[in-house]
Amino acid sequence: MAAAAALLVLLLLLRAAQGLKAFNYSFPWNGQQQMYELDIGWPKLPEYFTGQTFCVAVDSLHGLVYVGQRGENVPKVLVFSEEGYFLYSWNDTVEMPHGIFVLNTATDSSVWITDVGTGKYGHTVKQYSPSGKLLQVLGTPGNAGSSLIPLQFDQPADIFVEGSGDIYVVDGDGGMNNRLLKLSDDYKEIWLAGTNGTGIGQFRIPHSVTVDLFGRVWVADRDNKRIQVFDKVTGEWLGSWSSCFSEDGPYSVRFTANHKYLIVAQLNINRLAILAAPPVGSIGDCVMVSAVQMADETKPHLVDVDMKSGAVYVAEIGAQQVQKYIPLG
Ligand SMILES: *[C@@H]1O[C@H](CO)[C@@H](O)[C@H](O)[C@H]1NC(C)=O
Ligand SMILES: *[C@@H]1O[C@H](CO)[C@@H](O)[C@H](O)[C@H]1NC(C)=O
Ligand SMILES: *[C@@H]1O[C@H](CO)[C@@H](O)[C@H](O)[C@H]1NC(C)=O
């Protein structure tokens with residue numbers, strides 16, 4: 001009997017500890033206003049996260065959230081509704097997803113995934129239909145390289161595709177390449193920026209990429225602990241920010257729905273930094289206006305923003321889940 005009672009107490013304690021996972025960890029930054037609150041009801045059933053959750057992408061037009069996860073015998077892509085219901089998953093030809101991006105055009109929508117696997121589907125950037133049908137493969141599957149003819153990647157980290165079809169790839173996540181590549185809609189090189197190094201326009205693990213409304217390309221230059229910005233037409237270097245990243249480098253770059261802020265994950269300090277997005281022209285210095293502090297070992301890796309509701313989704317490698325943060329006010 002005593003043993004059964006002890007077991008019951010243990011189970012209750014475990015339940016309580018699980019509840020803590022859903023605790024509200026956001027707090028006002030330096031007395032600044034709190035901008036987001038955790039949606040503890042998203043997703044409805046966290047049991048679907050069975051691997052390491054590396055990336056997330058929102059299709060705000062259709063209310064879908066795509067999650068890329070890694071692991072043995074786990075589905076690699078999970079699809080949820082924005083309300084948090086699990087819808088379906090897919091697998092084929094995805095090895096080790098790193099970055100993910102949803103492209104909506106006037107006629108259809110698709111999902112781009114960067115794959116850092118080393119098997120026969122690895123070292124590629126792939127386009128899928130929403131249901132997981134492989135539509136396009138960029139790179140040379142199974143072969144790491146730095147060539148442009150034929151196109152080769154080595155652990156491509158992230159991708160951004162414009163409505164025009166122009167593609168930006170950061171390559172890569174620790175492989176032989178440290179470059180930002182712009183490709184046309186027929187997958188030809190338009191320009192290339194960056195080599196391995198710490199100088200202006202060089203990279204040490206270009207980890208995430210996005211493009212703003214003013215024609216500027218933003219790159220999280222992770223191991224150089226800075227964000228670098230380039231002109232999207234010419235590839236010319238426009239500036240860099242490092243003062244916000246003395247404690248930890250930037251892992252993600254994504255703009256908020258109102259384009260006023262950048263959301264930057266800092267994996268090692270378990271933080272989302274919210275930075276003021278500079279208006280057209282010079283990028284000036286970086287200003288952190290708010291932050292979301294997460295629990296130890298959460299390890300936020302990449303994020304995405306619902307451009308309709310403004311919700312921020314965070315793929316957390318440590319906590320092995322994706323969480324949703326809702327803008328306040
Ligand atoms: C999170 O904390 C803030 C204040 O710190 C509070 O206003 C908000 O209601 C909390 N959210 C949840 C889901 O508990
Ligand atoms: C994906 O493949 C794994 C085995 O690698 C399997 O366990 C899982 O059920 C598959 N999921 C889907 C949705 O196909
Ligand atoms: C980049 O340069 C550093 C310092 O010279 C070196 O340690 C590192 O291995 C290089 N990385 C690649 C991918 O060549």
Side-chain angles (χ1 to χ4, degrees), residues 52 54-55 68 70 94-101 112-126 137-160 167-183 187-210 217-231 235-253 264-269 286 299-302 315 317:
Q52 284 180 300
F54 269 75
C55 49
R70 297 184 196 169
V94 185
E95 276 179 23
M96 293 173 69
H98 186 277
I100 188 166
F101 179 86
W112 285 89
I113 293 176
T114 69
D115 195 328
V116 301
T118 53
K120 61 178 177 172
Y121 301 115
H123 299 298
T124 54
V125 177
K126 288 168 284 204
V137 181
L138 306 185
T140 307
N143 280 304
S146 58
S147 166
L148 295 172
I149 306 167
L151 192 57
Q152 290 184 314
F153 300 114
D154 191 351
Q155 303 183 33
D158 196 15
I159 177 170
F160 183 95
I167 296 171
Y168 302 81
V169 176
V170 277
D171 175 31
D173 185 45
M176 69 180 90
N177 302 325
N178 281 280
R179 61 187 187 179
L180 163 65
L181 199 57
K182 179 173 183 180
L183 303 172
Y187 317 117
K188 304 281 190 313
E189 178 202 352
I190 297 179
W191 52 255
L192 183 154
T195 50
N196 178 26
T198 58
I200 282 180
Q202 294 185 305
F203 299 116
R204 282 274 156 77
I205 307 198
H207 196 259
S208 181
V209 62
T210 195
V217 187
W218 295 72
V219 177
D221 184 10
R222 195 186 87 185
D223 282 17
N224 281 331
K225 294 188 167 184
R226 65 185 177 187
I227 285 179
Q228 297 203 78
V229 185
F230 300 82
D231 183 293
E236 179 198 357
W237 182 87
L238 297 176
S240 98
W241 283 350
S242 51
S243 61
C244 294
F245 310 114
S246 55
E247 291 167 83
D248 190 17
Y251 277 66
S252 70
V253 276
V264 178
Q266 294 177 284
L267 178 140
N268 298 294
I269 58 173
C286 104
K299 298 192 196 293
H301 184 244
L302 288 171
I317 297 180

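Every value quoted in this text rests on a predicted model; they were computed, and no experiment measured them. Order of listing sets the numbers, starting from 1, for every ligand and every atom in it.
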If you look at each N/O of ligand 3, which protein N/O atoms lie under 3.5 Å away, and at what distance?
unit_1   : atom_1 : unit_2 : atom_2 : d
ligand 3 : 2 (O)  : Asn196 : ND2    : 2.4
ligand 3 : 2 (O)  : Arg204 : NH2    : 3.0
ligand 3 : 11 (N) : Asn196 : ND2    : 2.8
ligand 3 : 14 (O) : Asn196 : ND2    : 3.3

Can you find a pair of side-chain heavy atoms, one from Asn268 and one from Glu247, that are under 4.5 Å apart? no
Got a donor-acceptor contact below 3.5 angstrom from the Thr140 side chain to the Leu151 backbone? yes
Would you say that Phe160 contacts Val217 through its side chain, given a criterion of any heavy-atom pair below 4.5 Å between the two side chains? no
Side chains of Thr195 and Gln202: any donor to acceptor distance under 3.5 Å? yes
Is there a donor-acceptor contact under 3.5 Å from the side chain of Asp171 to the main chain of Asp154? yes
Sidechain-backbone polar pair: His301 side chain, Ala315 backbone, donor-acceptor under 3.5 Å: no
